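Notes follow once the structure below has been shown.
Heavy-atom basis, side chains included; hydrogens, waters and symmetry copies ignored. Note that the structure is a prediction, hence the values are computed from the model and not measured. So that the names make sense, note that chain A is the first sequence line, chain B the second, and so on, each numbered from 1.
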Number of protein chains: 2
Amino acid sequence: MLRRRPGTPTLEEVAALAGVGRGTVSRVINNAAGVKDTTRRAVQRAIAELGYVPNLAARTLAGRRADAVALVMTEPDWRQFGEPFFSEIVRSVGDALTETEVQLLLTLVRTDAERQRLVEYARGGRVDGVMLMSVHAADPLPDMLAEVGLPTVLLGRRSGDESVTYVDADNVGGARAAVSHLLDTGRRAVATITGPPDMYVAQCRLRGYREAMERAGVEPRGSWTVRGDFSADSGHHAMAELLERAPEIDGVFAASDTMAAGALGALRAAGRRVPDDVAVIGFDDFPLAQHTDPKLTTVRQPLEEIGHAMVRLLLEEMEEPSTAWRHVIHRTELVLRDSA
Amino acid sequence: MLRRRPGTPTLEEVAALAGVGRGTVSRVINNAAGVKDTTRRAVQRAIAELGYVPNLAARTLAGRRADAVALVMTEPDWRQFGEPFFSEIVRSVGDALTETEVQLLLTLVRTDAERQRLVEYARGGRVDGVMLMSVHAADPLPDMLAEVGLPTVLLGRRSGDESVTYVDADNVGGARAAVSHLLDTGRRAVATITGPPDMYVAQCRLRGYREAMERAGVEPRGSWTVRGDFSADSGHHAMAELLERAPEIDGVFAASDTMAAGALGALRAAGRRVPDDVAVIGFDDFPLAQHTDPKLTTVRQPLEEIGHAMVRLLLEEMEEPSTAWRHVIHRTELVLRDSA
DNA sequence: ATGAAAGCGCTAACAG
DNA sequence: CTGTTAGCGCTTTCAT
């Protein structure tokens with residue numbers, strides 16, 4: 001509740017102690033130019049002496065900036081949270097923001113009530129923008145945020161004509177390339193483990209699989225397509241199912257690295273030799289590098305790049321970024337055209 | 001930046017539209033008693049019509065409450081983030097808060113700069129309290145927070161005489177019980193895979209192991225103690241090392257479930273029969289239930305309880321919880337005495 | 001029951 | 001360069 005603990009000094013007290021006006025103190029703590037060096041020093045001494053820390057709520061109210069961003073995980077079943085994909089993304093966004101004054105806030109959205117709470121939190125001005133990961137096709141959250149004018153960036157699209165700014169990989173092309181690789185190295189009966197059908201990314205990777213098969217003139221059997229949910233466990237189960245229902249397969253394309261790892265485990269547990277009996281390739285395995293139009297908002301894997309791309313896009317959506325945001329490091333951006 | 005988007009209505013505009021004073025609107029949105037029903041209705045209509053959402057910064061500034069809490073992960077090497085332990089804790093805290101208006105904010109603290117940023121964020125009044133998980137012995141963060149009067153709760157202690165409020169399990173007793181169980185079922189050469197030596201929880205579990213061995217009159221060899229870091233990978237490696245350095249072992253106590261799982265994998269990969277050749281038990285496997293003094297701040301596993309316990313303790317540390325906090329569900333509290 | 005008024009602590013525009 | 005002056009939008013007495 002922060003019941004003004006006696007001993008939480010205000011800017012005014014600092015000003016008094018330093019013998020200057022409030023404006024000057026404000027300039028000093030914001031590193032604004034145009035303060036005599038001796039004055040600045042005096043103020044800094046007063047700040048140190050009092051142990052002054054700015055009240056962020058007041059600053060936000062007066063300055064219309066939160067110097068914070070939310071990274072939202074909207075995973076209803078929550079299983080994916082522990083998956084490497086998420087930790088990589090979180091780490092990557094954290095890296096992009098680590099040297100700045102911008103505080104990264106991870107939030108969970110599992111229910112409608114939590115969705116509502118987040119919207120109010122964001123609309124309430126406590127963050128300068130929102131990044132969302134793992135968005136399912138029907139999720140209204142991105143629109144709720146974007147409609148009220150909040151800078152919003154998605155990791156992955158909800159559909160082919162996503163209205164909200166997003167960062168995405170070349171899912172169709174990547175999947176096609178991965179499957180083609182399998183076919184080119186002599187595999188014929190290539191199966192696929194898909195992601196959740198309500199996620200556009202899963203649809204795209206499935207399409208890439210089908211296109212590659214078609215181009216190679218191979219008619220995939222229905223039993224060669226098994227559904228997963230991007231988790232390692234689901235990859236394991238899917239592989240077990242494939243082994244049972246389609247023992248003829250000699251290659252597998254998993255729509256995510258994580259599922260590929262799970263599939264490998266199942267294969268080994270079943271005593272199959274990998275890759276001699278069955279070759280496995282996961283989406284993220286495959287290099288998608290291809291520099292093109294830098295204005296496009298799709299990026300290449302690896303995941304490390306994604307955080308930077310999201311932060312950069314967020315920054316571009318902001319009308320008047322604070323100085324904290326200006327410190328965001330603009331690392332090399334590896335951007336490529338999406339073939340979808 | 002929230003450059004006051006034209007169309008972000010304020011409480012004042014709501015009041016004008018409803019034909020009432022600002023105070024009344026404030027009372028309505030805060031569900032305060034003492035507002036005539038017709039008035040309340042009129043205000044609610046105005047709110048809906050304008051799509052009004054309170055400015056949280058202003059509310060925080062005026063009301064000295066943030067209605068938000070931070071759950072901090074201070075893991076320098078970040079490997080543990082993906083571990084099930086963390087997702088369980090996060091889920092558990094999220095559950096404790098899901099039906100409330102309190103927003104849960106997960107934050108990462110990996111470097112000193114990030115530590116500093118978090119302290120300023122918290123001191124700045126943006127959260128009502130802070131929960132920390134995975135705190136290493138030398139981490140000054142809890143003190144930095146507690147010293148400025150912020151409600152702070154730790155998950156696990158930094159030492160035997162932790163000064164900050166904490167929630168913890170009976171680590172010594174649990175480890176002792178687990179190891180005794182192994183010894184009671186005929187195992188003699190029981191090894192242990194420890195956690196990071198700079199974490200008190202790891203020291204306690206190691207002590208429990210030693211005490212159980214001593215009580216059983218078994219002198220553990222030096223090679224029977226291998227160091228892990230609580231991750232599944234480290235459990236795997238540790239087990240592999242044990243197999244090589246101490247092939248005589250017939251039981252293993254891992255200081256965490258996660259490491260136990262890793263150890264099992266290594267055992268199977270080595271073709272050892274489990275549990276016939278080697279039995280494995282992880283800390284969290286073992287039931288520690290034991291109701292005693294409800295004033296103590298230590299709780300029993302399972303993890304689901306931990307979030308509730310942390311939130312409850314945080315609430316107790318707050319001088320004047322807001323109504324949002326009052327909605328926190330007080331679930332049954334399973335509390336037990338710590339034997340350490 | 002409800003309106004009016006006084007801040008909460010800070011930023012920013014405006015005078016000097 | 002620096003002090004002063006307005007607010008930012010809300011909660012909270014204090015009257016009425």
Side-chain angles (χ1 to χ4, degrees), chain A residues 1-16 18-43 46-47 50 52-67 120 123-126 320 322-324, chain B residues 1-16 18-43 46-47 50 52-67 120 123-126 320 322-324:
Chain A
M1 298 312 56
L2 295 177
R3 154 156 289 344
R4 182 124 165 43
R5 292 175 298 283
T8 300
T10 70
L11 181 147
E12 178 128 36
E13 301 176 51
V14 174
V20 301
R22 279 183 356 221
T24 304
V25 177
S26 178
R27 280 168 207 128
V28 171
I29 62 182
N30 289 298
N31 277 313
V35 179
K36 212 198 301 175
D37 221 42
T38 53
T39 314
R40 181 182 299 274
R41 211 104 58 189
V43 172
I47 288 176
L50 260 34
Y52 168 77
V53 171
N55 178 317
L56 264 29
R59 172 176 286 177
T60 298
L61 183 56
R64 284 104 192 280
R65 67 214 176 79
D67 287 350
E120 289 181 8
R123 283 197 65 176
R126 322 231 11 177
E320 209 177 298
S322 69
T323 53
Chain B
M1 296 299 53
L2 294 178
R3 153 155 295 340
R4 180 126 169 41
R5 292 176 297 284
T8 299
T10 70
L11 180 150
E12 178 127 36
E13 301 177 50
V14 174
V20 301
R22 275 172 11 205
T24 305
V25 178
S26 179
R27 280 166 207 130
V28 171
I29 61 182
N30 288 299
N31 277 312
V35 179
K36 213 196 303 175
D37 221 42
T38 53
T39 315
R40 180 181 300 273
R41 212 104 57 190
V43 171
I47 288 176
L50 261 34
Y52 169 76
V53 172
N55 179 316
L56 264 29
R59 173 175 286 178
T60 299
L61 182 56
R64 285 105 190 282
R65 68 216 174 78
D67 287 350
E120 287 181 7
R123 284 198 65 176
R126 321 233 11 178
E320 207 177 301
S322 69
T323 54

- Report the C-alpha separation of Thr8(A) and Tyr52(A) in whole Å, then their side-chain angles, then the decisive distance to 0.1 Å, and conclude whether the side-chain contact (heavy atoms from CB on, under 4.5 Å) test is met. CA-CA 7 Å; Thr8(A) 300; Tyr52(A) 168 77; over 6 Å; no

- Given that Gly34(B) and Ala62(B) both sit by DNA chain C, which one's nearest nucleotide is further toward the 5' end?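 Mapping each residue to its closest nucleotide by heavy atoms, the 5'-most match is Gly34(B).
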
- Mapping Ala58(B) and Asp37(B) to their closest nucleotides on DNA chain C, which lands nearer the 5' end?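 That would be Asp37(B).
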
- Message: Between Thr39(A) and Thr24(A), is there a side-chain heavy-atom distance shorter than 4.5 Å?
- Response: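 Result yes, sub-4.5 Å side-chain heavy-atom pair found.
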
- Item | Side chain proximity check, Arg126(B) to Asp67(A), heavy atoms < 4.5 angstrom |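 A side-chain contact is absent here, since even the closest heavy-atom pair is not under 4.5 Å.
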
What's the closest nucleotide to the [X] side chain, out of [options]?
| X | options | answer |
| --- | --- | --- |
| Arg22(B) | dT11(D), dA1(C), dC8(D) | dT11(D) |
| Lys36(A) | dC10(D), dT2(D), dT11(C) | dT2(D) |
| Val35(B) | dG7(D), dT12(D), dT2(C) | dT2(C) |

Whole angstrom is fine here: how far is it from [atom1] in [X] over to [atom2] in [N]?
| X | N | atom1 | atom2 | value |
| --- | --- | --- | --- | --- |
| Asn55(A) | dT11(C) | CG | C1' | 13 Å |
| Leu61(A) | dG9(D) | CG | C1' | 6 Å |
| Tyr52(B) | dG9(D) | OH | C1' | 7 Å |
| Arg65(A) | dC8(D) | CZ | C1' | 13 Å |
| Arg27(A) | dC14(C) | CZ | P | 13 Å |
| Arg126(A) | dG9(D) | CZ | P | 16 Å |
| Glu320(B) | dT12(D) | CD | P | 9 Å |
| Leu11(A) | dC8(C) | CG | C1' | 13 Å |

Side-chain N or O of [X] versus OP1/OP2 of [N]: is the shortest distance under 4.0 Å?
| X | N | value |
| --- | --- | --- |
| Ser26(A) | dC10(C) | no |
| Thr39(B) | dT2(C) | yes |
| Asn30(A) | dT11(C) | yes |

- Across the strands shown, which category fits Val20(B) at heavy-atom distances under 4.0 angstrom: base, sugar-phosphate, nothing?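 Contact class for Val20(B): sugar-phosphate only.
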
- Message: What contact category does Leu56(B) fall into here, base, sugar-phosphate, or nothing, at under 4.0 angstrom with non-hydrogen atoms?
- Response: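 Nothing: the residue Leu56(B), judged by heavy atoms under 4.0 Å, touches no strand.
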
- Apply the test side-chain contact (heavy atoms from CB on, under 4.5 Å) to residues Val14(B) and Val28(B): give CA-CA distance (whole Å), side-chain angles for both, the deciding distance (0.1 Å), then the verdict. CA-CA 11 Å; Val14(B) 174; Val28(B) 171; over 6 Å; no

- Message: Give me the atom names and distance for the closest heavy-atom approach of Ala18(A) to Ala42(A).
- Response: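 Answer, listing the atom of Ala18(A) first, then Ala42(A): CB-O, 4.1 Å.
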
